[in-house]
Amino acid sequence: MCSRYFLDDDGNIISYTFRVPVDDRVKRRYNIAPTNVSPVIRAAPEGGRALAMLRWGLVPYWADDLKVGTRAINARSETVEQKPTFREAFKTRRCLVPATGYFEWKGDPGHKQPFAFTLPDRPMFAFAGLWERWKPRDGGDPVETYTILTTEPNAYAATIHDRMPVILAEGDYDRWLSGTVAEVRPLMRPYANEMGARTVSKLVGNPRNDVPEVLLPD
DNA sequence: CCAGACGTTGTT
DNA sequence: GTCTGG
DNA sequence: CCAGACGTTGTT
DNA sequence: GTCTGG
């Protein structure tokens, strides 16, 4: 399971834009890749929820550098409570990761075909995520990062891949953000409703290669 | 004891 | 920070 | 987009 | 400096 993307109203892949807090430039992306700063939703200290821009790839607070995060883009829900990298975040720093779809690849190495997954009844939805705050040893600005939980695939996802991201029901958002460990544990399960998957160009998601903005026909 | 890992997936 | 392996 | 690599051989 | 990988 890897990158997510955003669609327009017609279901075509589009770039999405957001303002980077650091320099206020407008960044345009076709796809979210590991290490990209991208939107997540957390419980706000003052109550309610807050959108924030975090870097994809969780870096635990005790890490020596950011490199650890490039490998922690996903966390297995089956082991998240035991793994040193994730267990503290799982207790108190959960987040929602918004998306309109995600890519998955299938096939032999060198001939892998990418597929775009969507939820027919939910134009936008949320993955279950965790976040962390890492402080550089040299006293630089803290860096906030996140990861996406994975689980076993449902019948749809299983046709393409052996894992899938944890997709939350809308009614479970608050529970995921603020519930106890016992309350959120049962939420980490395969998505129960219908999903769609379409083949897309192998160049999708890579802006450097003039990414086509439209899904290819089935 | 101390050094080293701490993770998931397997594409472009 | 904490666990594991040597 | 941006961080990171940029390379090959292989025994003291 | 430029290409690649995430």
Side-chain angles (χ1 to χ4, degrees), chain A residues 1-6 13-39 53-93 97 101-117 127-130 132-137 143 145-153 157-158 160-166 188 197 199-213 215-216:
Chain A
M1 201 284 296
C2 198
S3 317
R4 296 163 289 135
Y5 63 89
F6 285 74
I13 293 178
I14 57 172
S15 57
Y16 70 98
T17 61
F18 55 83
R19 289 184 186 283
V20 176
V22 179
D23 53 11
D24 201 40
R25 278 185 303 161
V26 175
K27 301 253 181 176
R28 195 174 279 273
R29 294 283 163 76
Y30 297 83
N31 175 30
I32 300 174
T35 73
N36 286 167
V37 173
S38 38
M53 301 301 292
L54 272 58
R55 175 186 160 115
W56 186 19
L58 188 141
V59 179
Y61 64 93
W62 42 259
D64 294 324
D65 53 54
L66 279 173
K67 278 182 283 189
V68 181
T70 63
R71 280 175 256 167
I73 60 176
N74 292 129
R76 294 178 65 92
S77 55
E78 296 90 335
T79 55
V80 69
E81 293 186 67
Q82 285 78 48
K83 296 293 182 182
T85 301
F86 303 122
R87 60 191 175 197
E88 290 307 312
F90 180 70
K91 291 178 193 168
T92 58
R93 287 183 294 280
V97 184
Y102 69 94
F103 296 121
E104 208 71 87
W105 281 258
K106 178 183 184 178
D108 299 322
H111 311 279
K112 298 235 175 191
Q113 171 65 54
F115 291 78
F117 277 96
F127 297 126
L130 310 176
E132 265 288 3
R133 180 176 291 129
W134 175 79
K135 294 178 182 174
R137 294 271 192 277
V143 179
T145 60
Y146 71 93
T147 190
I148 295 171
L149 284 264
T150 63
T151 184
E152 294 181 349
I160 309 297
H161 200 57
D162 62 350
R163 299 291 289 171
M164 73 178 292
V166 174
M188 299 186 292
T199 58
V200 295
S201 160
K202 291 190 176 182
L203 299 181
V204 161
N206 190 337
R208 194 169 50 247
N209 293 331
D210 288 324
V211 181
E213 295 192 347
L215 288 173
L216 297 178

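Residue numbers begin at 1 in each chain, while the letters A, B, ... track the order of the sequences.
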Taking salt bridge (Lys or Arg N to Asp or Glu O under 4.0 Å) as the test, write out the residues that go with R87(A), two or more places apart. none
Using the P atom on both, measure dT2(E) against dT12(B) and round to a whole Å. 25 Å
Nearest whole Å is fine: how far is dG4(B) P from W62(A) CH2? 15 Å
Mind calculating the distance between CZ (F103(A)) and C1' (dG10(B)) to the nearest angstrom? 18 Å
Just jot down the salt bridge (Lys or Arg N to Asp or Glu O under 4.0 Å) partners of E152(A), sequence neighbours excluded, or say none. none
Whole-Å distance between dC6(B) P and Y61(A) OH? 17 Å
Salt bridge (Lys or Arg N to Asp or Glu O under 4.0 Å) against K135(A), all qualifying residues, sequence neighbours excluded: none
Scanning both residues in full, the closest heavy-atom pair of T85(A) with A72(A) reads CG2-CB, 4.4 Å
Would you indicate, yes or no, if dT9(B) has its OP1 or OP2 atom less than 4.0 angstrom from a side-chain nitrogen or oxygen of R76(A)? yes
Worked verdict on I148(A) versus W56(A) for side chain to side chain contact (heavy atoms under 4.5 Å, CB included): CA-CA 9 Å; I148(A) 295 171; W56(A) 186 19; 4.0 Å; yes
Touch class at under 4.0 angstrom, heavy-atom based, for T79(A) against every strand present: sugar-phosphate
Contact between L130(A) and L58(A) at the side-chain level, heavy atoms closer than 4.5 Å - yes or no? yes
Whole-Å distance between dT12(B) P and H161(A) NE2? 14 Å
Residue list, salt bridge (Lys or Arg N to Asp or Glu O under 4.0 Å) with R93(A), at least two apart or on another chain: E132(A)
For atom CD of Q82(A) and atom P of dA5(B), their distance in whole Å: 22 Å
Say you pick atom C1' in dG7(D) and the same atom in dT4(E); how far apart are they, in whole Å? 15 Å
Using the side chain to side chain contact (heavy atoms under 4.5 Å, CB included) rule, take V80(A) and L149(A) through it: C-alpha gap first, then chi angles, then the decisive distance, then the call. CA-CA 8 Å; V80(A) 69; L149(A) 284 264; 4.2 Å; yes
Please check the phosphate of dT9(B) (OP1 and OP2 only) for any side-chain N or O of R163(A) closer than 4.0 Å. yes
5' to 3' contact window, DNA chain C with chain A (heavy-atom distance under 4.0 Å): dG1(C) to dT2(C)
Shortest non-hydrogen contact between T145(A) and G57(A), atoms and distance: CB-O, 3.1 Å
Under the side chain to side chain contact (heavy atoms under 4.5 Å, CB included) rule, what do M164(A) and Y102(A) come out as? Steps first, then yes or no, please. CA-CA 10 Å; M164(A) 73 178 292; Y102(A) 69 94; 3.9 Å; yes
Interatomic distance where CG belongs to D162(A) and C1' belongs to dG10(B) [whole Å]: 9 Å
May I ask you to verify if any side-chain N or O of T150(A) is less than 4.0 angstrom from the OP1 or OP2 atom of dT9(B)? yes
Stem list for DNA chain D, please, built from Watson-Crick and G-U wobble pairs under 3.5 Å and keeping only runs of at least 3. D:1-6 with E:1-6
Please determine, for the side chain of T85(A), which listed nucleotide (dC6(B), dT8(B), dT9(B)) has the closest atom? dC6(B)
Whole angstroms only, please: what is the OH-P distance between Y102(A) and dT9(B)? 12 Å
What's the CE-P distance between M164(A) and dT8(B), to the nearest Å? 17 Å
